[in-house]
Asker: 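Here it is: the structure, laid out below.
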Amino acid sequence: MNDEKIETNARPVDFIREAVEADLQSGRFDRVHTRFPPEPNGYLHIGHVKAITIDYGIAEDFGGLYNLRFDDTNPVKEDVEYVDSIMEDIRWLGYDWEDRLYYASDYFGQLYDWAVELIKQGKAYVCDLSADEVREYRGTLTEPGTDSPYRNRSVAENLDLFERMRAGEFPDGSRTLRAKIDMASPNINLRDPVMYRIIHEAHHRTGDAWCIYPMYDWAHGQSDSIEGISHSLCDLAYEDHRPLYDWYLDQLGIHHPRQIEFARLVLSHTVLSKRFLRRMVEEGLVSGWDDPRMPTLSGLRRRGYTSTAIHAFCDMIGVAKRNSMVDIAMLEYCIRQELNETAPRVMGVLRPLKVVIENYPEDRVEMFDARNNPVDPEAGSREVPFSRVIYIERDDFLEDPPKSFHRLAPGREVRLRYAYFITCTGVVKDESGEVVELRCTYDPETRGGSAPDGRKVKGTLHWVSAAHAVPAEVRLYDRLFTVEDPMGLEEGQDFLHYLNPNSLEVLTDCRVEPSLVSATVGDRFQFERQGYFCVDPDAAEGWLVFNQTVQLRDTWAKIQQRDA
RNA sequence: UGGGGCGUGGCCAAGCGGCAAGGCGGCGGACUUUGAAUCCGUAAUUCGUAGGUUCGAAUCCUACCGCCCCAGCCA
């Protein structure tokens with residue numbers, strides 16, 4: 001009687017995949033072909049990754065193809081620097097567009113011919129209105145627009161004028177080519193939208209072959225059509241543009257892809273807008289597009305994020321039409337989860353506090369076997385040197401601790417990971433009263449970290465042998481903004497108002513275990529009890545520089561906060 | 001007051017008329033030589049609100065409320 005349904009648990013389902021499936025079923029399309037159409041005017045950020053994984057992921061799921069197409073229709077904003085970085089980022093994500101790399105600018109000739117065709121059909125005209133006048137004639141959200149006085153020029157005149165626009169006879173802004181649709185449409189996009197504007201500016205690919213450039217709406221659908229795209233997936237912002245997308249394709253009678261819109265990613269505590277990210281770069285608020293605090297792919301990569309973690313994140317957030325804000329904690333969870341499995345463990349002291357173990361022989365050095373990764377037996381182990389003088393983390397000692405503090409304090413005993421139990425017997429302070437050194441004793445019976453008499457200690461500390469440790473620089477990062485939604489601005493406020501002044505902390509007096517001398521740029525580690533770190537490109541021969549990718553979850557910090 | 005969308009626990013998100021998945025976060029506990037990881041347990045008598053249809057609704061209908069987007073010769 002209890003015939004439970006069998007979970008097929010196949011690919012993730014969402015409304016777009018359902019629609020695509022239905023289109024295949026109904027025969028509207030017999031294959032799936034998508035595209036990712038970035039404008040080369042900035043670096044890709046995590047929000048773009050969501051779009052890419054939808055575009056490309058769906059093509060893969062349905063055994064289809066996907067293209068990379070640069071939407072380079074505005075020479076004043078675009079640059080090759082960006083096309084290079086975009087390709088690098090997409091490849092890093094693991095996608096291969098093979099030979100299907102295109103540029104909207106490849107289609108300028110075809111687009112021009114189609115525009116001529118629309119003019120001949122009486123569906124497009126050259127308009128002499130200035131930008132301001134166009135705006136006035138457009139009407140408002142509640143009032144219809146009024147026809148341009150140039151709306152009814154003859155086909156011959158339009159053809160002549162358009163030809164001369166192209167030939168460069170007119171200055172920027174003096175004329176446009178407009179589609180003749182409906183100035184009274186409740187959808188403002190249909191009130192005779194501009195198809196071409198005059199821009200006397202060299203284009204990064206076509207040079208000065210053109211001085212008229214197509215608008216997004218005129219270029220996009222036709223480009224999709226030329227490439228045989230089946231499903232043109234985009235941001236909710238383009239929902240209002242779909243009628244126009246459809247209109248152009250219908251007038252031309254060419255292959256007609258289906259546009260489907262989804263909600264773009266909004267991530268808490270950061271900003272995902274090329275415009276604002278560029279501003280932070282230009283104003284020097286961050287070190288560049290690849291600053292590890294940036295939500296750009298190059299920033300995340302430098303920070304130590306892996307592409308698999310980013311993919312896991314995209315799977316986790318889903319695809320829907322609801323405007324939502326994803327908690328950045330989800331992203332952090334994804335990278336922790338992966339690094340927990342893969343990152344070798346290592347000991348590194350960020351803020352060193354000297355500890356002298358008084359009953360440990362002056363010249364003795366022992367090697368302790370340390371597991372490289374407790375969750376991965378295959379990872380093996382390494383040796384870590386121990387001696388009389390060591391460094392521990394300043395935060396691991398409190399002179400007058402609360403009972404909930406499981407670490408070192410006068411008279412308390414803790415375990416040094418993989419080494420011995422030590423007990424704090426004395427505190428050395430400087431003139432200002434600051435603790436500069438601890439005196440301790442160790443119990444030789446606890447070698448390896450456990451006591452033969454079975455006594456327990458609550459705390460286990462990481463440490464490093466003073467004589468053997470290697471100095472390093474560590475860069476700690478925090479959220480770029482102090483509030484969840486930096487864009488949720490108060491009246492007259494700038495989003496930079498919410499910039500977190502403490503998003504970067506550079507520690508130059510760190511000490512890490514000697515096994516790290518051979519670490520190279522990009523290597524990732526877990527500094528036990530602290531977090532995940534990777535070697536930054538700034539590292540040089542003899543000087544290690546680590547970026548904190550993400551902290552370990554910190555229950556103690558939570559307890560402190562709660563009790564504070 | 002035009003048009004287009006969207007409203008399910010703190011945050012994402014399934015659900016497609018038959019009796020509210022899952023994940024993140026939180027909380028409680030177990031375990032622990034990382035206060036990590038792991039492991040259990042835990043929260044919507046309720047799906048924006050109000051009506052209606054139905055034996056039965058988050059799912060259908062109506063009205064209302066709220067939020068987002070659109071008046072670039074940006075994309």
Side-chain angles (χ1 to χ4, degrees), chain A residues 7 12-14 18 37-39 41 71 73-74 76-77 127 129-132 134-136 138-145 172-178 185-191 193-199 212-213 215-217 219-220 234-243 261 263 268 274-275 315-334 336-337 340-341 345 347 370-371 374-375 404-407 415-419 421 446 448-450 456-462 484 526-531 551-559:
Chain A
E7 281 295 326
V13 291
D14 54 68
E18 284 177 355
E39 181 186 19
N41 68 341
D71 214 337
T73 57
N74 188 348
V76 323
K77 295 189 161 188
C127 181
L129 254 25
S130 70
D132 285 342
V134 167
R135 188 179 317 117
E136 283 164 25
R138 186 156 31 224
T140 69
L141 295 178
T142 52
E143 300 157 331
D172 289 6
S174 60
R175 284 178 226 263
T176 56
L177 181 73
R178 297 227 255 161
S185 172
N187 180 342
I188 292 182
N189 294 301
L190 263 21
R191 320 242 262 227
V194 170
M195 296 167 65
Y196 277 98
R197 59 324 193 168
I198 301 171
I199 303 176
I212 57 172
Y213 291 93
M215 295 288 289
Y216 165 85
D217 289 299
H220 203 84
C234 62
D235 196 300
L236 248 30
Y238 296 100
E239 224 155 7
D240 285 345
H241 293 247
R242 191 175 18 166
E261 312 83 10
S268 74
K274 279 192 275 191
R275 189 172 142 233
D315 287 344
M316 185 179 274
I317 61 176
V319 182
K321 297 193 73 162
R322 190 181 330 178
N323 287 114
S324 57
M325 176 181 292
V326 175
D327 192 330
I328 200 165
M330 284 203 209
L331 217 209
E332 297 173 340
Y333 170 83
C334 289
R336 278 195 198 104
Q337 184 181 241
N340 178 47
E341 309 281 327
R345 262 113 253 229
M347 291 195 284
R371 272 169 296 161
V375 308
S404 58
F405 188 74
H406 297 168
R407 284 110 99 139
R415 169 169 39 236
L416 292 178
R417 178 140 237 227
Y418 299 123
F421 284 10
T446 58
S450 54
K456 304 284 184 196
V457 289
K458 277 196 251 162
T460 299
L461 272 42
H462 61 278
E484 268 196 342
Q526 182 197 95
F527 285 11
E528 292 211 33
R529 303 208 304 132
Q530 303 193 108
Q551 284 184 303
L552 247 29
R553 283 183 65 208
D554 190 350
T555 316
W556 170 237
K558 236 176 269 168
I559 293 169

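A note on names: the letters A, B, ... follow the listed sequences, proteins ahead of strands, and every chain is numbered from 1.
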Asker: Are side-chain N/O atoms of A:R417 and A:T460 paired as donor and acceptor at under 3.5 Å?
Answerer: no
Asker: What nucleotide among B:A13, B:U34, B:G5 has an atom nearest to a side-chain atom of A:T460?
Answerer: B:U34
Asker: Can you see if the side chain of A:S404 gets near the phosphate of B:G35 - specifically, an N or O under 4.0 Å from OP1 or OP2?
Answerer: no
Asker: Taking B:G26 as the reference, what is the distance to B:A36 when you measure between their P atoms (whole Å, please)?
Answerer: 11 Å
Asker: Atom CZ of A:F421 and atom CG of A:L416: how far apart are they, to the nearest 0.5 Å?
Answerer: 10.0 Å
Asker: Between atom CZ in A:R371 and atom P in B:A37, what is the gap in whole Å?
Answerer: 16 Å
Asker: For B:C27 versus B:A43, give the span between their C1' atoms, rounded off to a whole number of Å.
Answerer: 9 Å
Asker: Between B:U1 and B:C65, how far apart are the P atoms? Round to whole Å, please.
Answerer: 8 Å
Asker: Tell me whether the side-chain N/O atoms of A:T140 come closer than 4.0 Å to OP1 or OP2 in B:G2.
Answerer: no
Asker: Counting any heavy atom closer than 4.0 Å, what does A:E18 reach on the DNA or RNA strands: base, sugar-phosphate only, or nothing?
Answerer: base
Asker: May I ask you to test the A:M215-A:T176 pair for a side-chain heavy-atom distance under 4.5 Å?
Answerer: no
Asker: Can you tell me, in whole Å, how much space there is between the P of B:C64 and that of B:G3?
Answerer: 13 Å
Asker: Mind checking the C1' distance from B:C24 to B:C19? Whole angstroms is fine.
Answerer: 28 Å
Asker: Using a heavy-atom cut-off of under 4.0 Å over every strand shown, decide if A:L416 touches base, sugar-phosphate, or nothing.
Answerer: nothing
Asker: Nearest of B:A71, B:G35, B:G5 to any side-chain atom of A:L236?
Answerer: B:G5
Asker: For nucleotides 27-32 of chain B, give me every protein contact, N/O to N/O, under 3.5 Å, one pair per line with atom names.
Answerer:
none

Asker: Under 4.0 Å, heavy atoms only, any strand: does A:Y333 hit a base, just the sugar-phosphate, or nothing?
Answerer: sugar-phosphate
Asker: Can you measure A:R191 atom CZ to B:C70 atom C1' for me and round it to whole angstrom units?
Answerer: 10 Å
Asker: Are side-chain heavy atoms of A:N74 and A:I199 found at a separation under 4.5 Å?
Answerer: yes
Asker: For B:A30 versus B:G22, give the span between their C1' atoms, rounded off to a whole number of Å.
Answerer: 24 Å
Asker: Establish whether the base of B:G3 is bridged to the side chain of A:D240 by a donor-acceptor pair shorter than 3.5 Å.
Answerer: yes
Asker: Mapping A:M330 and A:D327 onto RNA chain B by nearest heavy atom, which one lands closer to the 5' end?
Answerer: A:D327
Asker: Which heavy atom in A:R322 sits nearest to a heavy atom in A:A263, and how many Å separate them?
Answerer: O-CB, 3.3 Å
Asker: Do any N or O atoms of the protein come closer than 3.5 Å to N or O atoms of nucleotides 73-75 of chain B, and which pairs are they?
Answerer:
unit_1	atom_1	unit_2	atom_2	d
B:C73	OP1	A:R138	NH2	3.2
B:C73	OP2	A:R138	NH1	3.0
B:C73	N3	A:G173	O	3.1
B:C73	N4	A:L129	O	2.5
B:C73	N4	A:A131	N	3.0
B:C73	N4	A:G173	O	3.0
B:C74	OP2	A:R197	NE	3.1
B:C74	OP2	A:R197	NH2	2.9
B:C74	O3'	A:R197	NH2	3.1
B:C74	O2'	A:N74	ND2	3.4
B:C74	O2'	A:K77	NZ	3.2
B:A75	OP1	A:T73	OG1	2.7
B:A75	OP1	A:R197	NH1	3.2
B:A75	OP1	A:R197	NH2	2.9
B:A75	OP2	A:Y216	N	3.0
B:A75	O3'	A:D71	OD2	3.1
B:A75	N6	A:H241	NE2	3.2
B:A75	N3	A:Y238	OH	2.6

Asker: Under 4.0 Å between any heavy atoms, over every strand shown, what does A:I317 touch: base, sugar-phosphate, or nothing? Just pick one.
Answerer: sugar-phosphate
Asker: Calculate the interatomic distance between A:D235 atom CG and B:C70 atom P; express it in whole Å.
Answerer: 10 Å
Asker: When the distance from CD of A:E332 to P of B:G25 is rounded to whole Å, what number comes out?
Answerer: 9 Å
Asker: When all nucleic acid strands are considered with a 4.0 Å heavy-atom cut-off, which category describes A:P243: base, sugar-phosphate, or nothing?
Answerer: nothing
Asker: For a 4.5 angstrom cut-off between non-hydrogen side-chain atoms, does A:H220 reach A:Y238?
Answerer: no
Asker: Which pair of non-hydrogen atoms, one from A:V375 and one from A:E341, has the smallest distance, and what is that distance?
Answerer: CG2-CA, 4.0 Å
Asker: Between A:E143 and A:R407, just flag the one whose closest nucleotide in RNA chain B comes earlier from the 5' side.
Answerer: A:E143
Asker: Scan A:F405 against the nucleic acid and name what it touches under 4.0 Å (heavy atoms): base, sugar-phosphate only, or nothing.
Answerer: base
Asker: What is the distance from CD of A:E484 to P of B:C24, rounded to the nearest Å?
Answerer: 18 Å
Asker: Is B:G25 in the syn range, within 90° of 0, or in the anti range?
Answerer: anti
Asker: Using atom CG of A:L141 as one end and atom C1' of B:C68 as the other, report the distance to the nearest whole Å.
Answerer: 14 Å
Asker: Side chains of A:R138 and A:I188, heavy atoms from C-beta outward: is any pair under 4.5 Å?
Answerer: yes
Asker: From B:A71, B:G35, B:U34, pick the nucleotide closest to the side chain of A:Q526?
Answerer: B:U34
Asker: Please tell me which of the listed nucleotides, B:C6, B:C68, B:U34, lies nearest to the side chain of A:N323?
Answerer: B:C68
Asker: Both distances under 3.5 Å, Watson-Crick or G-U wobble: on that basis, could you give the dot-bracket string for RNA chain B, with [ ] for crossing pairs and | for other-strand partners?
Answerer: .(((((((.[[[..)..(...]]].(((((.......))))).....[[[[[..)....]]]]])))))).....
Asker: Tell me whether the OP1 or OP2 atom of B:U8 has a side-chain N or O from A:R322 closer than 4.0 Å.
Answerer: yes
Asker: Could you work out the separation of B:U8 and B:A57 based on their C1' atoms and round it to a whole Å?
Answerer: 14 Å
Asker: Quick one: pull up NE2 in A:H241 and CG in A:N187 and give me the separation to the nearest 0.5 Å.
Answerer: 8.0 Å
Asker: What's the gap between B:G15 and B:U46 when it is taken at their C1' atoms, as a whole Å value?
Answerer: 14 Å
Asker: Using a strict 4.0 Å threshold on nitrogen-to-oxygen distance, state whether A:E239 and A:K321 make a salt bridge.
Answerer: yes
Asker: Between A:R242 and A:E261, is there a side-chain N and carboxylate O pair less than 4.0 Å apart?
Answerer: yes
